[in-house]
S.K.: 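Below is one structure. I have some questions about it.
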Amino acid sequence: MPIYEFFCRKCQEPFTALMTIQEHDKQAPECPRCHDTKEVEKRISPAHAVTTRKSLTY
Ligand SMILES: [Zn+2]
């Protein structure tokens with residue numbers, strides 16, 4: 001199972017979540033701090049480069 005990186009806009013905190021590709025496609029996980037899902041944005045995990053996005057800035 002790949003590890004995905006996410007960023008919570010509410011907390012301004014990045015976090016990682018372990019989930020299947022199917023889960024990742026249809027839903028965002030909840031933030032471990034505020035438990036919100038709406039303010040969570042996806043980041044592409046560098047460990048698992050199955051992506052069409054070419055540039056990633058940290
Ligand atoms: Zn949060």
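For clarity, every value in this text was computed on a predicted model and none was experimentally measured. For ligands, and for the atoms within them, numbers begin at 1 and follow the listed sequence.
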S.K.: So, for M1 and L18, which heavy atoms are closest and what is the spacing to 0.1 Å?
M.R.: O-CD1, 3.6 Å
S.K.: Check F7 against P14 and note the closest heavy-atom contact, atom names and distance.
M.R.: CD1-N, 3.7 Å
S.K.: What pair of heavy atoms forms the shortest contact from M19 to F6, and how long is it?
M.R.: SD-CZ, 3.7 Å
S.K.: Please find the pair of heavy atoms, one from P29 and one from F15, that lie closest to each other, and give the distance.
M.R.: CG-CE1, 3.9 Å
S.K.: In terms of the angle between their ring planes, are H24 and Y4 parallel, tilted or perpendicular, with boundaries placed at 30° and 60°?
M.R.: parallel
S.K.: Under the rule for salt bridge (Lys or Arg N to Asp or Glu O under 4.0 Å), what residues qualify as partners of R9, not counting sequence neighbours?
M.R.: E39, E41
S.K.: Sorted by chain and residue number, which protein N/O/S atoms are under 2.8 Å from the Zn ion (ligand 1)?
M.R.: C8 SG, C11 SG, C31 SG, C34 SG
